[in-house]
Amino acid sequence: MPELPEVETVVRSLAPSLPGRRIIRAEFKSRFVTPGDRDALASAVANRTISAIRRHGKFIVIELDRGHLIVHLGMTGKLLLDATPGTHAYGVFYLDNGVLVYDDPRQFGRIEYAQELPARVARLGPDPLAVGFTEFEQDIRSRRGVIKPLLLNQRFLRGIGNIYADEALHKARIHPKAAASRLSRERTFRLFQAINDVLRLAIEHRGSSVSDYVDGAGERGSFQLLHRVYGREGEPCLECGAPIRRIVIAQRGTHYCPRCQRR
DNA sequence: CAGATCACCTGCTTGC
DNA sequence: TGCAAGCAGGTGATCT
């Protein structure tokens with residue numbers, strides 16, 4: 001489910017109400033969602049007060065009075081305030097006022113506790129909404145492969161996923177298989193702008209609810225209605241009318257307009 | 001170190 | 001209706 005705009009929307013939906021609340025106790029039920037000692041995790045967060053919630057790439061960082069909860073939503077993770085825990089509620093935080101439920105049918109998400117951000121999380125690339133063009137251009141020049149997998153690489157930029165990679169490449173009129181380091185300066189700038197525009201617009205529309213994404217209050221986003229290529233295989237390009245094509249790049253479905261995005 | 005491939009899960013849709 | 005195959009917002013381990 002969740003890429004930068006969705007995670008940002010979840011964080012914004014929880015930020016006004018979560019800080020200041022105390023975790024009375026917590027329960028974890030999946031070795032996939034909470035690798036390691038689940039009882040240790042539960043006792044580490046018991047009695048901790050939440051001081052802040054923020055986004056780091058696609059990670060949700062919940063700052064506690066001691067340590068951090070680092071949550072990744074995987075493909076189907078949901079963090080829901082005051083929801084009833086269902087079959088896939090693999091993490092339940094009982095608060096002094098309410099309950100925070102982590103629900104994740106596919107169990108690709110993760111919940112961990114650490115004093116500081118783990119190195120693999122801290123070392124991700126810059127946030128695409130904060131990076132400057134000079135750094136973006138330098139980084140892209142130094143990379144070898146194809147542009148689409150590079151956009152999905154969180155050590156390049158943190159937060160872009162499959163939907164927004166396809167949407168940004170279409171907006172920038174760049175073929176998803178284009179060689180990253182050989183993009184002209186003009187195309188590189190178009191891509192930089194397109195990433196910014198697409199992500200900001202998606203946040204305004206509270207993310208894309210393709211199947212089951214919802215924010216912390218259970219509300220769906222609406223950006224899926226504005227997708228121009230993602231999930232539109234065979235439908236006409238909204239720019240030129242050519243049918244949108246779906247190919248596979250790096251094991252990910254990739255949607256593009258063969259006329260607007262020439263190699 | 002970077003890039004490619006596969007593995008980890010459930011659930012929904014499609015086609016026979 | 002039943003069943004198998006294919007597909008899905010993501011990362012991380014393990015190869016080369």
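Predicted model, so just to flag it, every value in this text is computed and none were measured. Chain naming here is simple, since letters A, B, ... match the order of the sequence lines and numbering starts at 1 in each.
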Self-check item: Sugar-phosphate only, base, or nothing, as touched by A/Ser142 at under 4.0 Å among non-hydrogen atoms
Solution: nothing
Quiz item: When the distance from CD of A/Gln251 to P of C/dC15 is rounded to whole Å, what number comes out?
Solution: 17 Å
Quiz item: Is A/Arg143 touching bases, backbone alone, or none of the nucleic acid, heavy atoms closer than 4.0 Å?
Solution: sugar-phosphate
Quiz prompt | Side chain of A/Asn153 (C-beta onward), nearest among B/dG3, C/dG10, B/dG11 | solution = B/dG3
Quiz item: Start at the 5' end of DNA chain C and walk down; is the nucleotide closest to A/Arg106 or to A/Leu124 reached first?
Solution: A/Arg106
Quiz item: Does A/Tyr113 have its ring centroid less than 6.0 Å away from the ring centroid of A/Phe28?
Solution: no
Quiz item: Are OP1 or OP2 of C/dG12 and a side-chain N or O of A/Arg120 less than 4.0 angstrom apart?
Solution: yes
Quiz item: So, A/Phe108 and C/dT11: ring centres less than 5.5 Å apart, planes less than 30° off, yes or no?
Solution: no
Quiz item: With a non-hydrogen cut-off below 4.0 angstrom, is A/Arg110 in contact with a base, only sugar-phosphate, or nothing?
Solution: nothing
Quiz item: How do A/Gln107 and A/Arg144 order along DNA chain B: which one's closest nucleotide is nearer the 5' end?
Solution: A/Arg144
Quiz item: Is the NZ or CZ atom of A/Arg25 both under 6.0 Å from the centre of the six-membered ring of A/Tyr94 and within 45° of that ring's axis?
Solution: yes
Quiz item: So, is A/His72 near the phosphate of C/dG12, with a side-chain N or O under 4.0 Å from OP1 or OP2?
Solution: no
Quiz item: Under 4.0 angstrom, heavy atoms only, what part of the nucleic acid is A/Tyr230 near: base, sugar-phosphate, or nothing?
Solution: sugar-phosphate
Practice problem: Check step by step if side chain to side chain contact (heavy atoms under 4.5 Å, CB included) holds for A/Phe108 and A/Leu73. | Solution: CA-CA 7 Å; A/Phe108 282 178; A/Leu73 301 177; over 6 Å; no
Practice problem: Output the single nucleotide from C/dC7, B/dT10, C/dG10 whose closest atom is nearest the side chain of A/His88. | Solution: B/dT10
Exercise. Starting from C1' on B/dT10, measure out to CZ on A/Arg31 and report it in whole angstrom.
Key: 14 Å
Quiz item: Does A/Arg155 make a side-chain donor-acceptor contact with the base of B/dA2, cut-off 3.5 Å?
Solution: no
Quiz item: With a non-hydrogen cut-off below 4.0 angstrom, is A/Gln154 in contact with a base, only sugar-phosphate, or nothing?
Solution: sugar-phosphate
Practice problem: Check whether any side-chain N or O of A/Arg245 sits under 3.5 Å from a backbone N or O of A/Ala242 as a donor-acceptor pair, and report yes or no. | Solution: no
Quiz item: Should the ring pair A/Phe133 and A/Phe192 be called parallel, tilted or perpendicular, given that the plane angle runs from 0 to 90° and is split at 30 and 60?
Solution: perpendicular
